[in-house]
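See below for the structure under consideration.
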Amino acid sequence: MTITSPHLGSPSAVWTDARLLYALEEVVETELNRHLKVAKDWMPHEYVPWSDARNFPGLFEDGEAWEKEQSKVTEIGRIALVVNLLTEDNLPSYHHEIASLFGRDGAWGTWVHRWTAEEGRHGIVMRDYLLASRAVDPDKLEAFRMAHMSEGFESDNRHSMLHSVAYVAFQELATRISHRNTGHQSGDPICDRMLARIATDENLHMVFYRNLLKAAFELAPDLTMQAVRDVVVNFRMPGHGMPGFERAAAQMAIGEVYNMRIHHDDVLQPVLRHLKVLEMDGLGAEGLQAQEELGMFMGGLDAEALKFDEKLAARKARMAARAAGA
């Protein structure tokens with residue numbers, strides 16, 4: 001990909017992905033070293049209630065078939081846990097994409113492998129928890145995993161390193177929020193603690209990419225503003241291709257795990273505010289246009305979120321009235 005910027009001292013100066021990768025290498029090294037100092041290793045097996053586990057049917061004569069009543073996890077917790085785990089399951093595809101974009105050498109490569117190793121823990125501990133606690137039907141979970149992973153994954157932003165950096169700055173925070181809210185809604189303190197541990201990792205990943213995005217703004221503000229605009233306007237979670245995702249997403253929205261209000265208030269706004277994206281000056285014509293379009297989109301999203309809030313409040317009121325009349 002080749003892109004031009006008026007902020008390099010020459011109107012004819014050109015950014016390529018290769019030049020951007022090279023220019024940001026020192027920032028990546030700094031952020032990697034900071035990350036390694038603050039990140040704490042943890043053991044997935046320590047977060048799993050192994051004493052609750054028992055054999056499933058199959059090789060074992062004492063195998064007990066799965067039933068929903070065997071777990072204390074709420075229905076919305078069950079739905080969100082499956083979505084979150086299936087998203088983590090596609091780690092091989094994510095690794096392939098970022099390794100192809102960022103490379104496998106130097107600080108970029110070290111970060112790619114470290115990130116992949118840390119994300120791998122999340123899938124391990126979530127699957128072990130779900131099976132040990134019997135929170136989900138193991139046969140359906142495996143069928144979903146096979147279907148989802150067999151489709152592979154292609155990011156909407158695979159065409160551009162800069163777009164990819166912008167995307168993960170928001171997506172890592174979205175994942176953190178989704179895990180955290182799933183824990184709160186799960187009905188199981190053990191699940192809540194496990195997902196809080198995962199959310200801590202996701203927050204550190206967000207900080208890495210957010211700081212990298214800040215450096216990109218300083219380096220090529222117009223191009224970065226356009227990338228942020230494109231990513232925010234077209235944002236989709238990486239699990240959008242999994243079986244039954246739209247229905248599950250609707251249930252998670254109603255269950256207040258992840259919806260438009262959460263997306264606007266807890267994901268998009270914090271990153272944009274921290275980087276002062278909508279107040280940034282010194283932009284060229286294309287950057288200013290992207291900034292204006294981004295501001296208009298955020299205003300429209302807030303209005304849509306308000307409508308959703310009103311519908312959700314009305315739904316809660318109806319359910320409360322039914323419960324009172326029962």
Side-chain angles (χ1 to χ4, degrees), residues 1 3-9 13 15 17 19-21 23-28 30-31 34-35 98 101-102 111 155-178 180 202-238 258-306 308:
M1 177 184 176
I3 36 188
T4 60
S5 171
H7 294 275
L8 290 172
W15 280 117
D17 271 4
R19 284 193 65 194
L20 282 165
L21 285 165
L24 290 169
E25 175 92 21
E26 187 175 336
V27 179
V28 172
T30 299
E31 289 303 312
R34 181 197 55 76
H35 177 84
I98 66 170
L101 280 165
F102 300 157
W111 166 254
S155 168
D156 297 330
N157 304 288
R158 61 189 180 279
H159 64 288
S160 160
M161 185 277 289
L162 195 54
H163 280 71
S164 295
V165 169
Y167 175 74
V168 288
F170 294 103
Q171 183 268 322
E172 292 283 2
L173 181 53
T175 304
R176 170 206 163 192
I177 296 296
S178 180
R180 205 67 196 92
E202 303 290 10
N203 194 63
L204 291 178
H205 298 164
M206 179 275 293
V207 171
F208 178 95
Y209 287 118
R210 187 188 64 191
N211 291 349
L212 195 56
L213 188 60
K214 179 182 179 181
F217 265 117
E218 294 170 356
L219 192 68
D222 280 358
L223 298 176
T224 307
M225 185 66 72
Q226 292 172 72
V228 168
R229 183 239 0 237
D230 295 344
V231 163
V232 169
V233 169
N234 300 298
F235 187 89
R236 295 194 298 174
M237 289 293 276
Y258 201 94
N259 55 40
M260 275 192 289
R261 173 54 62 200
I262 293 169
H263 183 60
H264 178 277
D265 289 2
D266 300 337
V267 176
L268 299 181
Q269 282 282 33
V271 175
L272 295 175
R273 196 163 46 235
H274 181 86
L275 298 177
K276 298 181 171 58
V277 173
L278 296 178
E279 296 80 44
M280 196 172 292
D281 54 20
L283 297 166
E286 291 183 341
L288 283 170
Q289 180 180 345
Q291 186 183 49
E292 182 180 354
E293 291 172 355
L294 179 60
M296 291 177 65
F297 175 82
M298 290 298 293
L301 181 62
D302 188 40
E304 288 297 313
L306 181 59
F308 175 83

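Taking CG from Leu268 and CG from Leu173, the interatomic distance works out to 8.5 Å, rounded to the nearest 0.5 Å. Rounding to the nearest 0.5 Å gives a distance of 8.0 Å between CG of Leu101 and CG of Leu21. Here Phe208 contributes atom CZ and Thr30 contributes atom OG1; the two are 10.0 Å apart, rounded to the nearest 0.5 Å. Taking CG of Leu306 as the reference point, atom CG of Leu301 lies at 11.5 Å (rounded to 0.5 Å).
Evaluation of the salt bridge (charged side-chain N to carboxylate O under 4.0 Å, His left out) rule for Arg34 yields Glu31 as partners, not counting sequence neighbours. Looking at residues two or more places apart in sequence or on another chain, you find a salt bridge (charged side-chain N to carboxylate O under 4.0 Å, His left out) between Glu293 and Arg229. Under the salt bridge (charged side-chain N to carboxylate O under 4.0 Å, His left out) criterion, Glu304 pairs with Lys307, sequence neighbours left out. In this view, Ser164 satisfies the side chain to side chain donor-acceptor pair (under 3.5 Å) rule with no residue, not counting sequence neighbours. Scanning for side chain to side chain donor-acceptor pair (under 3.5 Å) contacts around Asn234 gives an empty result, with sequence neighbours left out. Qualifying salt bridge (charged side-chain N to carboxylate O under 4.0 Å, His left out) partners for Arg180, counting only residues two or more places apart in sequence or in other chains: Asp192. Scanning for ring-ring contact (aromatic ring centres under 6.0 Å, His included) contacts around His264 gives an empty result, with sequence neighbours left out. Tyr258 pairs by the ring-ring contact (aromatic ring centres under 6.0 Å, His included) definition with His263, not counting sequence neighbours. Among residues two or more places apart in sequence or in another chain, the ring-ring contact (aromatic ring centres under 6.0 Å, His included) test is passed with Phe102 by Trp108. Every residue two or more places apart in sequence or in another chain that forms a side-chain contact (heavy atoms from CB on, under 4.5 Å) with Phe308 is listed here: Ala253, Asn259, Met260, Leu312.
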For this session: Start with the C-alpha gap between Val165 and Thr224, add the side-chain angles, then the distance that decides, and say whether side-chain contact (heavy atoms from CB on, under 4.5 Å) holds.
Result: CA-CA 10 Å; Val165 169; Thr224 307; over 6 Å; no

Exercise. Does the side-chain contact (heavy atoms from CB on, under 4.5 Å) test come out yes or no for Gln289 and Gln226, once each step is laid out?
Worked result: CA-CA 8 Å; Gln289 180 180 345; Gln226 292 172 72; over 6 Å; no

For this session: Starting from the C-alpha separation in whole Å, work towards a yes-or-no answer on side-chain contact (heavy atoms from CB on, under 4.5 Å) for Arg236 and Tyr167.
Result: CA-CA 9 Å; Arg236 295 194 298 174; Tyr167 175 74; 5.6 Å; no

For this session: Given side-chain contact (heavy atoms from CB on, under 4.5 Å), test Leu213 with Tyr209 step by step and report yes or no.
Result: CA-CA 6 Å; Leu213 188 60; Tyr209 287 118; over 6 Å; no

Review item, side-chain donor-acceptor pairs of residues 277-285, under 3.5 Å, at least two apart:
none

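The shortest side-chain heavy-atom distance between Val228 and His163 does not fall under the 4.5 Å cut-off. Using a 4.5 Å cut-off on side-chain heavy atoms (C-beta onward), Val27 and Asn211 make no contact. Contact annotation: the side chain of Met298 approaches that of Gln269 to within less than 4.5 Å [non-hydrogen atoms, C-beta and beyond]. For the pair Val168/Met206, no side-chain contact is recorded, criterion being any heavy-atom separation below 4.5 Å from C-beta on.
Side-chain N/O atoms of Thr175 and Gln171 include a donor and acceptor closer than 3.5 Å.
Contact between Val271 and Ala169 at its shortest, heavy atoms only, is CG2-O, 4.0 Å. Residues Leu24 and Ala215 come closest through the heavy atom pair CD2-CB, 3.9 Å.
The main-chain N or O of Met161 is found under 3.5 Å from a side-chain atom of Asp17 such that the two form a donor-acceptor pair.
Applying the salt bridge (Lys or Arg N to Asp or Glu O under 4.0 Å) test to pairs two or more places apart or on separate chains, none has a residue in residues 207-221.
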